[in-house]
Enquirer: 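Handing you a structure now.
Whatever order the structure lists ligands and atoms in, that order sets their numbers, starting from 1.
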Amino acid sequence: MGRAPFLAYGRQQIDSDDIAAVVRVLQGDWLTSGPDVAAFENEFARIVSAKHAVSCSNGTAGLHMAADAAGLTPGTSAIVPSLTFLATANCARYVGAEVVFADVDPDSGLLTPATLEAALARAAKTDAPKPRAVLPVHLNGQTCDMVGISDVAKRHGLVVIEDACHAVGTMGEGPGAERAVTGACAHSAMAVFSFHPVKTVTSGEGGMVTTNDDAMAARLQRFRNHGMEREPAAFTQHDEGFAPDGQPNPWYYEMAEPGFNYRLTDISCALGLSQLAKLSRFAARRKQIAARYDRAIAPLAPLVRPVAKSPWCDPVLHLYAVLIDFAAAGIDRGALMRKLKDAGIGTQVHYLPVHRQPYYRERYGALALPGADAYYARCLSLPFHPGLADTDVDRVADALTVALAK
Ligand SMILES: Cc1ncc(COP(=O)(O)O)c(C=O)c1O
């Protein structure tokens with residue numbers, strides 16, 4: 001019998017229709033900034049019920065664009081939960097703002113209204129510049145309590161930018177509120193998504209920012225395209241922009257502030273569009289696999305538990321993370337990961353709290369964020385993607401059981 005195939009912790013699922021969609025673009029007239037960009041944006045906006053969806057080259061670019069549109073600048077700061085990927089914090093630094101790290105719930109890894117309040121109180125006691133924005137992160141695909149967070153944000157005049165890179169397709173919001181699709185921005189100014197191959201739908205690399213605010217959408221669009229303004233109504237240099245008869249000059253564009261080239265290609269958008277058409281199938285399969293994992297690891301409690309569930313949310317999980325009491329299990333995380341790897345099972349840690357990265361330690365000193373540290377000390381992401389068979393899930397649970405046996 002051959003060795004069982006290696007199970008990666010995350011993986012894209014590409015079908016022949018995805019390949020055909022990309023080939024169609026390659027054989028057409030546009031490779032970048034063509035009709036598939038608008039089609040992908042329109043379809044994404046429709047699915048999440050947002051007024052605008054602005055595509056960009058990846059989720060990190062989307063966070064950078066959103067940080068700019070939120071008015072983060074030098075002399076301001078952003079509240080960022082420490083339990084996240086680097087980019088959520090880095091986007092504030094890209095625009096010269098400081099980062100105020102917030103703690104998270106130790107069992108879900110999510111920013112809460114209380115940990116946001118605590119971060120604001122800590123910032124008020126230091127010489128951190130005035131907080132201007134907060135970036136709740138929907139870790140693993142579960143949403144934060146957006147109702148509670150937006151209440152705190154309103155009281156403190158904060159712009160809310162959801163880092164929804166893990167949460168394509170998740171229904172969330174908060175206790176007592178009607179569920180809405182993540183990206184509808186019912187309780188935020190903007191939501192940022194990623195289409196990296198391990199995410200729920202992929203466009204290769206890719207990102208999207210959704211908003212219901214016309215001015216923010218216009219700013220996001222300019223920022224991703226060098227800061228260029230092509231709309232004659234917005235031109236400020238009339239002599240340059242218009243002919244003597246008042247007609248706009250067809251070649252003319254204006255730049256008030258430099259932007260970046262964060263455009264997404266037609267090739268990527270065609271793939272993203274084709275993948276979006278399968279979102280409900282991917283979501284259903286992810287939910288089945290998560291439920292099977294919940295059952296399969298139940299006998300390992302209390303040593304191993306799934307991450308605490310957000311009661312207000314119906315998640316399409318991006319990652320299936322468990323919390324392991326390594327001390328009680330008598331094995332350290334590295335040793336367990338190596339044992340699982342030897343059994344053909346890939347795992348990953350999401351994430352080392354960002355405040356513990358050398359760059360941020362040097363900038364802000366050592367911080368006490370016990371919730372983030374406690375989550376980090378126990379978390380491990382198991383293989384999780386729609387291509388897994390039920391038997392793969394059982395194989396992972398069995399391998400975990402064997403690896404943890406004393
Ligand atoms: C929480 C979070 N934010 C932001 C990003 C950045 O997205 P991208 O890889 O598309 O730049 C990621 C991607 O891994 C992420 O997980």
Enquirer: Show your working on side chain to side chain donor-acceptor pair (under 3.5 Å) between E254 and Y252 and close with a plain yes or no.
Expert: CA-CA 7 Å; E254 263 185 19; Y252 184 74; 2.9 Å; yes
Enquirer: Check ligand 1 against L63 and write out every atom of the ligand that is under 4.0 Å from a heavy-atom position of the residue.
Expert: 4 (C)
Enquirer: Does the residue H138 have a heavy-atom contact with ligand 1, meaning some pair of atoms that are separated by less than 4.0 Å?
Expert: no
Enquirer: Measure the distance from atom 9 (O) of ligand 1 to every protein heavy atom, then report the residue, atom name and distance (to 0.1 Å) of the closest one.
Expert: S194 OG, 4.1 Å
Enquirer: Do me a favour and list the nearest non-hydrogen protein atom to atom 3 (N) of ligand 1 with residue, atom name and distance?
Expert: D163 OD2, 2.8 Å
Enquirer: May I ask you to identify the nearest protein heavy atom to atom 8 (P) of ligand 1, giving residue, atom name and distance to one decimal place in Å?
Expert: G59 N, 3.5 Å
Enquirer: Between Y253 and N225, do the side chains contain a donor N or O and an acceptor N or O under 3.5 Å apart?
Expert: no
Enquirer: Does the plane of the ring in Y351 sit parallel, tilted or perpendicular to the ring in F85? Use 30° and 60° as the thresholds.
Expert: tilted
Enquirer: With a 3.5 Å cut-off and no angle check, do the side chains of N249 and E240 form a donor-acceptor pair?
Expert: no
Enquirer: Under 3.5 Å, is there a donor-acceptor pair between the Y375 and D103 side chains?
Expert: no
Enquirer: Could you find the nearest protein heavy atom to atom 6 (C) of ligand 1 and give me its residue, atom name and distance?
Expert: T60 OG1, 3.4 Å
Enquirer: Near N58, which atoms of ligand 1 are under 4.0 Å from a heavy atom of that residue?
Expert: 10 (O), 11 (O)
Enquirer: I need the nearest protein heavy-atom contact for atom 4 (C) of ligand 1: residue, atom name and distance, please.
Expert: C165 SG, 3.4 Å
Enquirer: May I ask you to check whether R93 and Y359 show a side-chain donor-acceptor distance below 3.5 Å?
Expert: yes
Enquirer: Where is the nearest protein heavy atom to atom 12 (C) of ligand 1: which residue, which atom, and how far?
Expert: F85 CD2, 3.6 Å
Enquirer: Students should be able to answer this: which protein heavy-atom is nearest to atom 13 (C) of ligand 1, and at what distance?
Expert: K199 NZ, 3.0 Å
Enquirer: Of all the non-hydrogen atoms in the protein, which one sits nearest to atom 16 (O) of ligand 1, and at what distance?
Expert: H166 NE2, 2.8 Å
Enquirer: Looking only at the aromatic ring of each residue, does the gap between the centers of F260 and H226 stay below 6.0 angstrom?
Expert: no
